[in-house]
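Below is one structure, written out as structure tokens; comments come after it.
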Amino acid sequence: QVQLVESGGGLVQAGGSLRLSCAASGRTFSNDIIGWFRQAPGKEREFVAGIRWSGLNTYYADSVKGRFTISKDNAKTTVYLQMSSLKPEDTAVYYCARRQGILAVTTPSLFSSWGQGTQVTVSS
């Protein structure tokens with residue numbers, strides 16, 4: 001079982017930046033996928049970005065391409081989400097999740113382990 005803990009959320013003005021962290025513990029495999037998701041009030045949870053545990057492959061939702069960057073610190077077993085040019089519509093609780101499997105998917109139900117989430121609020 002993998003445990004995931006998110007941190008780094010907060011309040012930021014539009015146009016600003018934040019970096020979220022997802023610290024993983026437990027047994028992982030190089031083909032595992034770590035995904036970042038977000039959920040705004042009254043909305044469904046949506047995929048934001050994903051990275052293979054090996055760090056070799058990344059993929060993004062269209063809404064964040066060019067603004068968000070997902071990366072992995074292999075020494076610390078931590079996945080980061082660097083968010084820039086933030087917009088009020090980026091406001092949500094952000095979660096990281098782990099999927100065992102090769103396919104780089106975006107469906108939340110296909111990810112088995114989830115963190116507790118961290119709140120990101122972007123003011124206009």
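- The distance from atom CZ of Arg38 to atom NZ of Lys43, rounded to the nearest 0.5 Å, is 8.5 Å.
- Scanning both residues, Thr91 and Gln119, for their nearest heavy atoms gives CG2-NE2, 4.0 Å.
- A donor-acceptor pair under 3.5 Å is formed between the side chain of Gln116 and the backbone N or O of Glu6.
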Evaluation steps, side-chain contact (heavy atoms from CB on, under 4.5 Å), between Tyr60 and Thr69: CA-CA 8 Å; Tyr60 298 89; Thr69 301; 3.8 Å; yes
CA sep, side-chain torsions, deciding dist, call: Arg45, Tyr95, side-chain contact (heavy atoms from CB on, under 4.5 Å): CA-CA 9 Å; Arg45 193 167 296 189; Tyr95 301 88; 3.5 Å; yes
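- Once rounded to the nearest 0.5 Å, the distance linking OG of Ser85 with CZ of Phe68 reads 9.0 Å.
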Side-chain polar contacts of residues 8-25 - donor-acceptor pairs under 3.5 angstrom, sequence neighbours left out - could you list them?
residue	atom	partner	partner atom	Å
Ser25	OG	Gln3	OE1	3.4

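- One distance of note links OG of Ser113 with CG of Leu4; it measures 6.0 Å at 0.5 Å rounding.
- Proximity of the aromatic rings of Phe37 and Trp114 is defined here by a centroid distance below 6.0 angstrom, and this criterion is met.
- Here the side chains of Thr106 and Tyr59 are in contact, with some heavy-atom distance below 4.5 Å.
- Between Phe47 and Val105 there is no side-chain heavy-atom pair separated by less than 4.5 Å.
- For Trp53 and Ser30, the side-chain atoms include no donor-acceptor pair closer than 3.5 Å.
- Cluster membership check: Ile70 shares its hydrophobic cluster with Val64, using side-chain heavy-atom separations under 4.5 Å among Ile, Leu, Val, Met, Phe, Trp and Tyr.
- Contact check on Lys65 versus Asp62 returns a salt bridge, with a Lys/Arg side-chain nitrogen under 4.0 Å from an Asp/Glu carboxylate oxygen.
- Listed here is the closest heavy atom pair of Leu86 and Arg67: CA-NH1, 3.9 Å.
- When side chains are defined from C-beta on, Val120 counts as touching Met83, because their heavy atoms get closer than 4.5 Å.
- Rounding to the nearest 0.5 Å places NZ of Lys72 at 8.0 Å from OG of Ser54.
- Nearest approach of Trp36 to Leu81, heavy atoms of both residues: NE1-CB, 3.6 Å.
- Looking at heavy atoms from C-beta onward, Val79 lies in side-chain contact with Ile51 at the 4.5 angstrom threshold.
- Looking only at side-chain heavy atoms (C-beta outward), Thr28 and Thr77 stay at 4.5 Å or farther from each other.
- In this structure, CZ in Arg98 is found 4.0 Å from CG in Asp32, a value given to the nearest 0.5 Å.
- Across all their heavy atoms, Gln100 and Phe29 have their closest contact at NE2-CE1, 3.9 Å.
- Taking CD1 from Ile34 and OG1 from Thr78, the interatomic distance works out to 10.5 Å, rounded to the nearest 0.5 Å.
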